[in-house]
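Report on one structure; see the data block that follows.
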Amino acid sequence: MSRAGQARAKAALRPGPTHRMEKTYQPEAIENHWYPQWEQAGCFKPGGEGRPYSVLLPPPNVTGTLHMGHAFQHTLMDCMIRLHRMKGCDTLWQVGVDHAGIATEMVVTRQIEAEGGRRDDYTREQFIDRVWKWKHESGSTITNQMRRLGASADWSRERFTMDDDLSEAVVETFVRLFEERKIYRGPRLVNWDPVLQTAISDLEVVNHDEQGKLWSIRYPRSDGQGDVVVATTRPETLLGDVCVAVHPDDPRYADLVGKTVQLPLTGREIPVVADEYVDPEFGTGCVKITPAHDFNDWEVGARHGFEPINIFTATAQVNQNAPEAYQGLDRFEARARVIEDLQRQGLLVEEKPHAMVVPRGDRSGQIIEPYLTDQWFVKMDELGKLGLEKVESGEVEFVPGNWINTYRHWMGNLKDWCISRQLTWGHRIPAWYDTDGNIYVGRSEQEVRQANDFGPETVLKQDPDVLETWFSSSLWAHSTLGWPDPQRMHSDGFNRYLPTSVLITGFDIIFFWVARMIMMTGHFTGKVPFEQVYITGLIRDRDGQKMSKSKGNVLDPIDLIDGIELDALLAKRTAALMQPRLAKQIEKHTRDEFPDGIPAFGADALRFTFAALAGHGRDIKFDLARCEGYRNFLNKLWNASRFVMMHVGEQELPRSQADDVISRWIRSRLSRTITAVDAALTDYRFDLAAAALYEFIWHEFCDWYLELAKPALADDADPATRESTRRTLAEVLDTALRLLHPFTPFVTEEIWQRLRTPLALQTEFLATTIYPQAGAVDLEAEADAEWLKAVIGGVRSARTELNLAPGKAMPLLVQQTGADDQARFERFETLIKRLARLESIEIVDQDRDSADCAVQLCGAMRLLIPLAGVVDLGEELARLGKQLEREQKGLENVERKLANERFVANAPQAVVDKERQRLAEHRHSVAELRTQVAKLERLT
RNA sequence: GGGCGAUUAGCUCAGUUGGUUAGAGCGCUGCCUUGACAUGGCAGAGGUCACUGGUUCGAAUCCAGUAUCGCCCACCA
């Protein structure tokens, strides 16, 4: 690079506003500019002497792209991270990516197949190399998307669950648990995916309601005394039946127990047993028992001492344990053949439709088989107890609190955790077998050999299986902070950042991940992984539907940031559909919802939308209109800032403290806003925090304050007041930007940079500036401002309701003013005239007849607008009538309340006093309005 | 079958320990290109707080029940 080029590059990285302020807010340039600036300046690194604050990113799958759920959660995490960083905490956002065993294997396998290759052409090592290659090329999609969103993570600490040190933690954990006898291996019935050919966890099985069939089959009694009829949804499994069960108290079959029946198609005789499991009310009260292919039957078989007969191969084809005629058929062919044969033999009694629950794998969508294999398990008795204790004791707190019920329920019903998977990509199980099948567990083959004094003549073979992905994720909290290596624990801040402050995640992984982290971190470190768990709602589409590719209703957060043309959106939504026939419908729906595609809202608007929608514990319907509204809000902020900067200029402002009422009022409102935002964020009420900021910035700062400040900024205004007003403008904007920055980091940084010189701000970035603290509330100034707003509002309201030309300045007469009112009219005359568009204000006495005026009550005062014949008396009468009606209704309410003796006797004095005051006010208004109505009626 | 949660304006949602005439955004109506902003301003209309009963001086709020909807968990062949 040339010297000039270097200078340019350096200049481009110097913080400062990107350009002059355009008339409308344009997020793209701003966002692209600031992220690299922050990152390269090291803004996101932890540090300082402040109290530690840390957040773990639930590591997204390396195969993943950012979806709305991520974007939502990451926004909330980043908001908390930025807030605490600005509050001076030593703030760590620990990010990283999960290796995602099955998902990654599927992606890479598909890639190989797309190239015309086959997965089976690769050896284990070759395949793993291939996956790493894929990871290096494509594995950072999601982290780059996180940057687009503004996620202020310390990327230098980014981890991958297959990193060496994290793998070391996995091995260490496995070995220690094995040594503690908390890990064992054995033959068990597991959920088996015959297509992926691996065990999967209960949690990865999705139960679908599907229409199936129920077949009734006759099993002849061996003694020739008739037969029994069993019902089944899976007739092919009869090939593996070991017995027939009836209820012990069922009189119909009392004589049968202990006898045998002929198992059709197999030539086997099987006994009839009595077992409580059988429901005599259902079907015939006889159940065929197939221990190798059904979880319940497994239990029954075990109770009666039967050896399970496995009739399937790993791909769910009938194996050699079944009669030869069926061997080699897959499970569905076998079913058809069995039914056909039963029918031919007259053993099929009935076939009828049956609503049933079909287990399918959440990845493959295939029907899952209960399948008998050797697997590794973690015992959950003690760990489960520990996990429960950590939450019951309050060491880990759920927010919202009711999630503790879900957690309790699950922790109370734990089964041992099957951790082995028959996959290639993942942490290999650190267990070795000798030629006799003895198991040795160790940190490495070398360690095993040394511990057992094996010479080179001993052949050891490592277990081919890998650990399920959640095993390594469950160590995420302590392994990313250096565990188990003492040196790394020191340098990574193990003691400083653990327990982390809060985990923000969805309810769907409470069991997969949250519970297991609590158990594992608790067991190995004695600490909890996090002090709080904030459970977010689920982002749904406008109509409340879950977003899914197959439904074609997915919104991509990046499309909301950058915008997308309709055609591109249609193409995206209809590409690679599992059911292409849905394409038409999806296209129609998409055209209907986004006739012009999606405009570019920018990351800040998207973030603010997420925050504003983040109520507690409820699904979130994502409505584009909200996003548009908040983009408009940021445009409002942008233009207000443009106005402020117009008056503030680029030079350092003289130090001055404005003590006029308007400045005191806006500072007071700002203080209240700070308090409200603080309180809301402490409770994770992002929605309330967002609402408070929106309200303050738009409806107080823009709608009122800037308007009220304008006269003081005019060229002919008092120079001292103008100076102090300029300063207040800049200071209030500065504080507002700080408050807003955790929500909308880009636009606030861009604007704030322009205030650095005028306010002589020392910090380089808003991102690392100190967060504001609430000052005192100024009740006197607030009362003045409220009065002012009431008077202006009264005039405006009367004027509009009477259809008086809004642009035309008119005179105002005021009656029944108190001393306070008169003083205020004097102080605020200019402001009132300007904002209410008045040419004059005159305080007149009671004698002035109001018959020729529109009358607007304002507290005790009467605001009179001379009509001078421009307004229909009828219209004014109608207006007054409406107001009178309203006042009367209010009066009746209050009168009723106060007439109730028990109310007066029992309610707190303050409440009663308030009601009495209201009574007086309503009475006054009603009387005034009646008088005026009477006056006008006399004129008509 | 068990558990959790919802039901407030046309739509999406707030509504603190029970206490003004139940609020906001979007949408809607009317007027307005006022030198920050039409991605805007000003002023409006719009609600039997799902239903029934109870507690209370007072209930959107607390309690019980009913209805509808959603989600999670569960082995009925």
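Convention: sequence-line order gives letters A, B, ...; per-chain numbering from 1. These values consider heavy atoms only, across backbone and side chains, with no hydrogens, waters or symmetry-generated copies. Being a predicted model, the structure only gives us computed values, none of them experimental.
- Interatomic distance, CG of D619(A) versus OG1 of T536(A), reported as 10.0 Å (0.5 Å rounding).
- R642(A) comes within contact range of the sugar-phosphate backbone alone, with a heavy-atom separation under 4.0 Å but no base atom that close.
- Of the side-chain N and O atoms in K710(A), none sit less than 4.0 angstrom from OP1 or OP2 of rG35(B).
- Comparing atom distances between the T24(A) side chain and each of rU21(B), rA38(B), rU39(B) picks out rU39(B) as nearest.
- Within the structure, every side-chain polar atom (N or O) of H409(A) is placed at least 4.0 Å from both OP1 and OP2 of rA74(B).
- Here F610(A) and F622(A) bring their ring centres to under 6.0 angstrom of each other.
- Atom CG in D913(A) sits roughly 18 Å away from atom P in rG19(B) (whole-Å rounding).
- For the OP1/OP2 pair of rU21(B) and a distance below 4.0 Å, the side-chain nitrogens and oxygens of R896(A) include no atom meeting the criterion.
- The backbone N or O of R234(A) lies less than 3.5 Å from a partner atom in the side chain of T237(A), making a donor-acceptor pair.
- Comparing atom distances between the H922(A) side chain and each of rA77(B), rU21(B), rC26(B) picks out rU21(B) as nearest.
- For rG44(B), the OP1/OP2 oxygens have a side-chain nitrogen or oxygen of S797(A) closer than 4.0 Å.
- Base pairing analysis places rG53(B) opposite rC63(B); the two distances defining the Watson-Crick or G-U wobble pair are each below 3.5 Å.
- Closest approach to the F903(A) side chain among rG40(B), rC73(B), rC57(B) is made by rC57(B) (side chain taken as heavy atoms from C-beta onward).
- The phosphate of rG3(B) has neither OP1 nor OP2 within less than 4.0 Å of any side-chain N or O from W403(A).
- Contact annotation: R799(A) does not reach the phosphate of rG44(B) (side-chain N/O to OP1 or OP2, under 4.0 Å).
- Taking 4.0 angstrom as the limit, K621(A) places a side-chain polar atom (N or O) nearer than this to OP1 or OP2 of rU12(B).
- Here D362(A) contributes atom CG and I368(A) contributes atom CD1; the two are 8.5 Å apart, rounded to the nearest 0.5 Å.
- Nucleotide rC42(B) holds its P atom 17 Å from the CD atom of Q856(A), rounded to whole Å.
- Checking rC4(B), rG41(B), rA14(B) against the side-chain heavy atoms of W698(A) singles out rG41(B) as nearest.
- In this structure, E895(A) atom CD and rU21(B) atom P are separated by 13 Å, rounded to whole Å.
- Residue contacts shown for F282(A) include a base, since a base heavy atom lies under 4.0 Å away.
- The CG atom of L713(A) sits 10 Å away from the P atom of rA36(B) (whole-angstrom rounding).
- Regarding contacts with the backbone of rU39(B), every side-chain N or O of N632(A) stays at 4.0 angstrom or more from both OP1 and OP2.
- The side chain of N639(A) places no N or O atom within less than 4.0 Å of a non-bridging phosphate oxygen (OP1 or OP2) of rU39(B).
- The nucleotide rC69(B) finds its pairing partner in rG5(B), both defining distances of the Watson-Crick or G-U wobble pair being shorter than 3.5 Å.
- Within the nucleic acid shown, D623(A) has no heavy atom closer than 4.0 Å to any nucleic acid atom.
- Contact check, K897(A) against rU20(B): no side-chain N or O comes under 4.0 Å of OP1 or OP2.
- Pair assignment for rU16(B) gives none, since no Watson-Crick or G-U wobble pairing has each distance under 3.5 Å.
- A 3.5 Å limit on both hydrogen-bonding distances identifies no Watson-Crick or G-U partner for rG35(B).
- Shown here, rC75(B) forms no base pair; nothing in the strands shown gives a Watson-Crick or G-U wobble contact with both key distances under 3.5 Å.
- For the P atoms, the distance linking rG3(B) with rA74(B) amounts to 15 Å, nearest Å.
- The same atom, P, is picked in rG10(B) and in rU20(B); the two are 24 Å apart, to the nearest Å.
- Using a 4.0 Å heavy-atom cutoff across all strands shown, H293(A) reaches no nucleic acid atom at all.
- Here Y694(A) and Y630(A) bring their ring centres to under 6.0 angstrom of each other.
- Base pairing of rC28(B) is made with rG44(B), judged by Watson-Crick or G-U wobble geometry with both donor-acceptor distances under 3.5 Å.
- The structure places OH of Y25(A) at 11.0 Å from CG of N632(A), a figure rounded to the nearest 0.5 Å.
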